[in-house]
K.L.:
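Handing you a structure now.
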Amino acid sequence: MTPEQTILFARNIVRTECAAVERLEGYIDRSFVEIAETLFHSKGRLIVTGIGKSAIIANKIVATLNSTGTPAVFMHAADAIHGDLGIIQPEDIILCISKSGNSPEIKVLVPFIRQMGNLIIGMVGNLDSFLAQHSDRILNTTVAEEACPNNLAPTSSTTAQMVMGDALAMTLLKMRGFTAQDFARFHPGGALGKKLYTTVRDIMSDEGAPTVSPDADLNAVIIEISGKRLGATAVVEPQNGKLLGIITDGDLRRMLQSGKDIQAVRAHDIMSVNPKTISADELAVKAFHLMEQNKITQLLVLNPEQDSTYCGIIHIHDILREGVV
């Protein structure tokens with residue numbers, strides 16, 4: 001094929017699969033609601049099974065369900081009829097995925113599950129099939145055609161299965177009121193976990209809490225900022241620990257450009273009052289967004305366990321180094 005023909009061919013594959021997904025919208029009806037409510041109220045797990053490419057999709061659906069609060073287990077249809085039926089417990093519900101609904105393994109497996117008394121949901125692309133006729137509930141994933149030019153390789157059908165699985169998982173997530181905090185509990189590792197789980201306290205600088213009194217001279221201010229290497233220092237009232245303001249490298253530069261008498265300058269003369277602050281228990285990603293919104297590179301950190309007193313500084317470099325964003 002010429003490059004132009006290749007582009008047209010690939011674009012047609014995308015259009016065909018998009019059409020298959022759009023068709024699913026019409027299949028979401030009251031029966032979908034009944035299935036979602038049944039799973040929501042179930043005291044057991046959802047056992048998801050399939051054969052061939054449908055088994056691969058089943059694995060993905062299980063992963064999505066488990067990560068969003070619905071206990072699920074994958075059971076390969078071929079392995080099930082060779083001993084893995086023991087996975088199924090009395091209160092479990094079975095989701096069986098198949099395009100044709102007539103695979104030999106499905107025809108053997110489904111009657112055994114029915115004998116065990118478990119509810120069967122068939123995600124199937126052929127409503128006249130064995131699976132459709134022997135399921136208690138149906139998730140219709142019928143497609144007009146595969147994207148494969150020979151209409152053979154599972155393409156549109158597996159995409160439809162995956163999207164229907166996502167629709168079911170996200171519906172259950174919504175019904176459970178599953179929050180970002182819940183999500184974080186199941187994703188503590190990697191960038192996602194860091195974003196949803198890491199607090200300011202976890203990553204704030206260990207260089208100490210740079211502090212000067214409001215009457216500190218310029219020399220003391222410069223030494224404190226340079227020594228703690230955070231580009232700023234808090235100005236705190238020594239008698240009561242009250243946070244008064246912040247002095248940054250930028251404040252120092254602006255003061256020098258103003259032509260003030262350096263010997264007479266005191267911290268309270270150049271500090272910025274009402275500095276941006278954040279609680280040590282807030283998520284680090286919130287600190288990052290506050291810095292972005294205010295076009296600053298550090299925030300003063302307050303300790304909620306000690307009457308929100310100043311306890312340090314978090315710098316944008318701390319967040320970037322940790323890989324939170």
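Atoms considered below: every heavy atom in the structure, side chains included; atoms not considered: hydrogens, waters and symmetry mates.
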K.L.:
Nearest 0.5 Å, please: how far is CZ in Arg176 from CG in Leu39?
P.N.:
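Output value for this atom pair is 8.0 Å.
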K.L.:
Ser157 and side-chain hydrogen bond (donor to acceptor under 3.5 Å, both in side chains): which single residue from Lys53, Lys99, Glu146 fits?
P.N.:
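Among Lys53, Lys99, Glu146, the one meeting side-chain hydrogen bond (donor to acceptor under 3.5 Å, both in side chains) with Ser157 is Glu146.
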K.L.:
Taking all heavy atoms of Asp281 and all of Thr199, pick out the closest pair and write down the distance.
P.N.:
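Answer, listing the atom of Asp281 first, then Thr199: O-CG2, 3.8 Å.
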K.L.:
Counting only heavy atoms not in Gln5 (residues, nucleotides, ligands), do more than 12 fall under 6.0 Å from its CD?
P.N.:
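For Gln5, atom CD is crowded (more than 12 foreign heavy atoms under 6.0 Å).
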K.L.:
Please check if Val124 and Leu168 belong to a single hydrophobic cluster, counting links between Ile, Leu, Val, Met, Phe, Trp and Tyr side chain heavy atoms closer than 4.5 Å.
P.N.:
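Unlinked, Val124 and Leu168 end up in two clusters.
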K.L.:
What heavy-atom pair brings Cys96 and Ile106 nearest, and what distance separates the two atoms?
P.N.:
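Closest pair (atom of Cys96, atom of Ile106, distance): SG-CD1, 3.4 Å.
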K.L.:
Would you call Arg266-Asp269 a salt bridge at under 4.0 Å N-O?
P.N.:
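Answer for the salt bridge query: no.
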K.L.:
For the atom pair NZ (Lys174) and CG (Leu172), what is the distance rounded to the nearest 0.5 Å?
P.N.:
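Taking NZ in Lys174 and CG in Leu172, the distance rounds to 13.0 Å.
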K.L.:
Any chance the side chains of Thr142 and Asn140 put a donor and an acceptor closer than 3.5 Å?
P.N.:
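Side-chain D/A pair, Thr142 to Asn140: present.
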K.L.:
Between Ala78 and Ile81, what is the shortest heavy-atom contact and its length?
P.N.:
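Between these two residues, the closest heavy atoms are O-CG1, 3.2 Å.
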K.L.:
Are Lys60 and Asp166 ion-paired here, with the side-chain N under 4.0 Å from a carboxylate O?
P.N.:
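Counted as a salt bridge, because a side-chain N and a carboxylate O are separated by less than 4.0 Å.
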K.L.:
Quick check for you: to the nearest 0.5 Å, what is the distance between Ile113 atom CD1 and His134 atom NE2?
P.N.:
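Nearest 0.5 Å value for the CD1-NE2 distance: 12.5 Å.
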K.L.:
Work out which heavy atom in Leu127 is nearest to a heavy atom in Ile138; give both atom names and the distance.
P.N.:
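Heavy atoms only, the tightest pair is CD2-CG2, 3.9 Å.
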K.L.:
Given the rule that I, L, V, M, F, W and Y join up when any side-chain heavy atoms are under 4.5 Å apart, are Leu283 and Met204 in one cluster?
P.N.:
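Per the 4.5 Å side-chain linkage, Leu283 and Met204 are co-clustered.
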K.L.:
Could you tell me whether the side chain of Ile97 reaches within less than 4.5 Å of the side chain of Val48, counting heavy atoms only?
P.N.:
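Contact flag for Val48/Ile97 side chains = yes.
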K.L.:
Are any side-chain N or O atoms of Gln161 and backbone N or O atoms of Thr141, one a donor and one an acceptor, separated by less than 3.5 Å?
P.N.:
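Not at all, since once roles are kept as given, no pair shorter than 3.5 Å links the two residues.
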K.L.:
Could you go through the side chain to side chain contact (heavy atoms under 4.5 Å, CB included) check for Tyr310 and Thr211 one step at a time?
P.N.:
CA-CA 9 Å; Tyr310 165 69; Thr211 306; 3.3 Å; yes
K.L.:
Run the salt-bridge test on Glu224 and Lys228 with the 4.0 Å N-O cut-off and return the result as yes or no.
P.N.:
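Salt bridge flag = yes for Lys228 with Glu224.
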K.L.:
Can you hop from Leu139 to Leu46 via hydrophobic side chains spaced under 4.5 Å?
P.N.:
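Hydrophobic grouping puts Leu139 with Leu46.
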K.L.:
Before giving the answer on side chain to side chain donor-acceptor pair (under 3.5 Å), spell out for Ser213 and Asp215 the whole-Å C-alpha distance, their side-chain angles and the decisive distance to 0.1 Å.
P.N.:
CA-CA 5 Å; Ser213 70; Asp215 294 325; 5.6 Å; no
K.L.:
Any side-chain heavy atom of Ile270 within less than 4.5 Å of one from Leu252?
P.N.:
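Yes, close enough: below the 4.5 Å cut-off.
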K.L.:
What closest approach, in Å, do Leu85 and Met75 show between heavy atoms, and which atom pair accounts for it?
P.N.:
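That closest heavy-atom pairing would be CA-SD, 4.4 Å.
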K.L.:
Are Leu95 and Val33 connected, step by step, through hydrophobic side chains (Ile, Leu, Val, Met, Phe, Trp, Tyr) whose heavy atoms are closer than 4.5 Å?
P.N.:
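Per the 4.5 Å side-chain linkage, Leu95 and Val33 are not co-clustered.
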K.L.:
Quick check: do Asn303 and Arg201 have side-chain heavy atoms less than 4.5 Å from each other?
P.N.:
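With C-beta onward as the side chain, the pair touches.
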K.L.:
Got a second to check how far Thr70's OG1 is from Met175's CE, nearest 0.5 Å?
P.N.:
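Here the rounded value is 9.5 Å.
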K.L.:
Kindly work out whether a path of hydrophobic side-chain contacts (I/L/V/M/F/W/Y, heavy atoms less than 4.5 Å apart) joins Ile313 to Phe288.
P.N.:
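No, Ile313 and Phe288 fall in different hydrophobic clusters.
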K.L.:
Out of curiosity, Ile13 CD1 to Leu8 CG, how far, rounded to the nearest 0.5 Å?
P.N.:
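Those atoms lie 11.5 Å apart.
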K.L.:
Quick one: CE on Met162 to CG on Leu24, what's the gap to the nearest 0.5 Å?
P.N.:
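Between atom CE of Met162 and atom CG of Leu24 there are 11.0 Å.
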